[in-house]
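In what follows, a single structure is set out as structure tokens and then discussed.
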Amino acid sequence: MPDAPTWPAGFAERYRAAGHWRGETFGGVLSERAAAHPDRVAVVDPAPERRSWTYRELDERASRLAAGFAARGISPGDRVVVQLPNIAEFVEVVFALFRVGALPVYALPAHRETEIGYFCAFTEAVAYVVPDRHAGFDHVALASRVKERTPTLKHVFVVGSPGPHTALSEVPRTPSGTVHEPRSDDLAFLQLSGGTTGVPKLIPRTHDDYIYSLRGSNEICGVDADTRFLVLLPAAHNFPMSSPGWLGALYAGGTAVLCPSPDPATAFPLVERERVTMTGMVPPLALVWTEAGPGTEHDLSSLELVLVGGAKYSEAAARRLEPALGCRLMQVFGMAEGLVNYTRLDDDHETVVTTQGRPISEDDEVLLVDDAGEDVPEGGFGHLLTRGPYTIRGYWRAPEHNTRAFTEDGFYRTGDIVRRTPTGHLVVEGRAKDQINRGGEKIAPEEIENIILGHPSVHDVSVVGVADEYLGERTLAYVVLREGAEPLKPVAVKRLVRERGVAAYKVPDLVEFVEAFPQTGIGKVSKKGLRSEAAPAGTVPDRH
Ligand code: AMP
Ligand code: DBH
């Protein structure tokens, strides 16, 4: 049984023949760029003091670290959980792993013991890469606990003080030349899905398919060697990585500027100093930038394009961005599983502010179907199904889930409800999947429900998204207590989730105690009913 289904031969041939898959690998691309323009700046890391690496430096660092990783026994196909903030070492480590042929597993800095323990165990990771501390959190201590319980985990590499582990800077940098070169149709890494189930799913992406999405994104966004892309969101997330992101910028020979924090107080001075031309952000952050732009003393005039996506961007907010920041807006509706839609630079203004764009590729197949799987009439709402040259055919080691998440003929069921305009642009109208989108951060209610159910006083729980002006949605946990159980306070429920060691954004914003949930016809808890109790009908973007 392979780890994940891949494209059937006929499709793979077609994507190669069309020139989408060109046999490039990430390691190879970096070598080529370093040979073509060794002295251009690849990466700028401003904190705590400014560092900048040219393409030659990044290439050499990646090769030497790859040799060091290989000497430590890290082999082609091995999984390595990478949990680093937006620092230059992130780029160095992932290119070193690409060169070894090992697969980075992209954890977010916010992940805690529950998620990291799961990623390490499920992927049988051999190594885990962390900062010593980040945002006040001790990652070394977390790594020690995870290492203790994960037999496959042989190495913890730490950026900074390693405690009982190995400092990344002390991995011996033997001369390059010994490393393995992966094939372009090999897996390059495992990306994370926001998910709808109790545990996050892993998304297997190949060099060929991901590089195609970068090339397509670059063309649409106008990324070239002069682009200076500011990485505001966590670099491990698919959006700032590939839409067009820091990997898009590096593919084009441009510069990735890593931002330690996305707030205007940190980011605006960087835009000015580094002459940033492009960035991407989620809608709540776009609101903050839109508010802060007009009064700022910083010179934002280098900024040409801001991409907004990850959650629905309201039309009213979208109309305000361009005048506030003095640059162009592009909406992006994407997913780590593949399909990415962009509005285009030559779209009229109304299209840019009212739609979430159209697919990158003429070979992206998009179907809009009703609940019975039949095509909806042109212009109607439907479930979005998709397949194409950079959309996965299945999650990694999840054969059972794959039978539900994909159709028999290989379309990914996105769980999004969309409508298509006459120009082929998609408008996201809602969601059929059981997921909460909290300002672009995806939460699987089931994961949080399982934790709360572990409390002895809790009889049942349902976690739902409720409308929120700023985040789009925030989370509300409805809790039914056991008869005669000790009463609980909302803070105790929140503490329970936090203390379980999950990312802070998953802790319910609100907790309400109820006698019983509304039931549907088949006796299952009706989340729709719960949402409409919590918010006036029509204000919540989900549909079931
Ligand atoms: P994931 O599969 O975890 O990468 O999350 C992707 C999901 O984020 C999509 O399936 C949508 O539900 C949501 N999403 C991303 N971009 C947008 C957008 N511009 N508007 C609305 N929803 C979005
Ligand atoms: O939300 C996402 O996952 C997302 C949004 C915009 C994404 O993966 C992308 C662009 O590539």
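Whatever order the structure lists ligands and atoms in, that order sets their numbers, starting from 1.
Not a single heavy atom of Asn238 sits under 4.0 Å from any atom of ligand 1. Taking a 4.0 Å cut-off on heavy atoms, Gln331 fails to register as neighbouring ligand 1. Within the 4.0 Å heavy-atom shell around ligand 1 one does not find Gln191.
Counting heavy atoms from C-beta outward, Ile220 and Met330 have side chains that approach closer than 4.5 Å. Tyr390 is listed as a side-chain neighbour of Arg205, based on a closest heavy-atom distance under 4.5 Å. At least one side-chain heavy atom of Val502 sits under 4.5 Å from a side-chain heavy atom of Val497.
Among all non-hydrogen protein atoms, the one lying nearest atom 2 (C) of ligand 2 is Gly334 O, 3.4 Å. Of the protein's non-hydrogen atoms, Val332 O, 2.8 Å is the one closest to atom 19 (N) of ligand 1. For atom 9 (C) of ligand 1, the closest heavy atom belonging to the protein is Asp416 OD2, 3.3 Å. Closest to atom 11 (O) of ligand 2, if we only count protein heavy atoms, is Ser243 OG, 2.7 Å. Ranking protein heavy atoms by distance to atom 8 (O) of ligand 1, first place goes to Lys442 CE, 2.8 Å. Counting only heavy atoms of the protein, atom 18 (C) of ligand 1 lies nearest to Ala311 O, 3.4 Å. Among all non-hydrogen protein atoms, the one lying nearest atom 1 (P) of ligand 1 is Glu337 OE1, 3.8 Å. Protein heavy atom at the shortest distance from atom 16 (N) of ligand 1 is Gly310 N, 3.0 Å. Among all protein heavy atoms, the one lying closest to atom 1 (O) of ligand 2 is Lys442 NZ, 2.8 Å. At the top of the distance list for atom 3 (O) of ligand 1, counting protein heavy atoms only, stands Gly194 N, 2.7 Å. Closest to atom 8 (O) of ligand 2, if we only count protein heavy atoms, is Asn238 ND2, 3.0 Å.
Under 4.0 angstrom from ligand 2, the non-hydrogen atoms of Ala336 all belong to its backbone.
Under the 30°/60° scheme for interplanar angles, the aromatic rings of Phe98 and His207 are found to stand perpendicular. By the 30° and 60° cut-offs, the orientation of the rings of Phe268 relative to Trp289 is perpendicular. Ring planes of Phe406 and Tyr412: tilted class, angle from 30 to 60°. Taking the six-membered ring where tryptophan is involved, the planes of Phe122 and Tyr118 are essentially parallel, since the angle between them stays under 30° and well short of 60°. In this structure, Phe189 and Tyr210 have perpendicular ring planes: the angle between them is above 60°, well past the 30° mark.
Checking Asp209 against His20 by side-chain atom types alone, no donor-acceptor pair falls below 3.5 Å.
In this structure, Glu362 places its CD atom where more than 12 heavy-atom neighbours from other residues, nucleotides or ligands lie under 6.0 Å away. Residue-environment remark: CD (Glu350) exceeds the threshold of 12 foreign heavy atoms within 6.0 Å.
Within ligand 2, the atoms closer than 4.0 Å to a non-hydrogen atom of His237 are 2 (C), 3 (O), numbered from 1 in the order shown. Of all the atoms in ligand 1, the ones that sit under 4.0 Å from a non-hydrogen atom of Ala336 are 4 (O). If you number the atoms of ligand 1 from 1 as listed, the ones under 4.0 Å from a heavy atom of Val428 come out as 20 (N), 21 (C).
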Quiz item: Which is it for Tyr342 and Gln356 under the side-chain hydrogen bond (donor to acceptor under 3.5 Å, both in side chains) test, yes or no, and what are the steps along the way?
Solution: CA-CA 6 Å; Tyr342 295 98; Gln356 280 66 57; over 6 Å; no
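The heavy atom nearest to atom 15 (C) of ligand 1, considering only Gly309, Pro283, Gly334, is found in Gly334.
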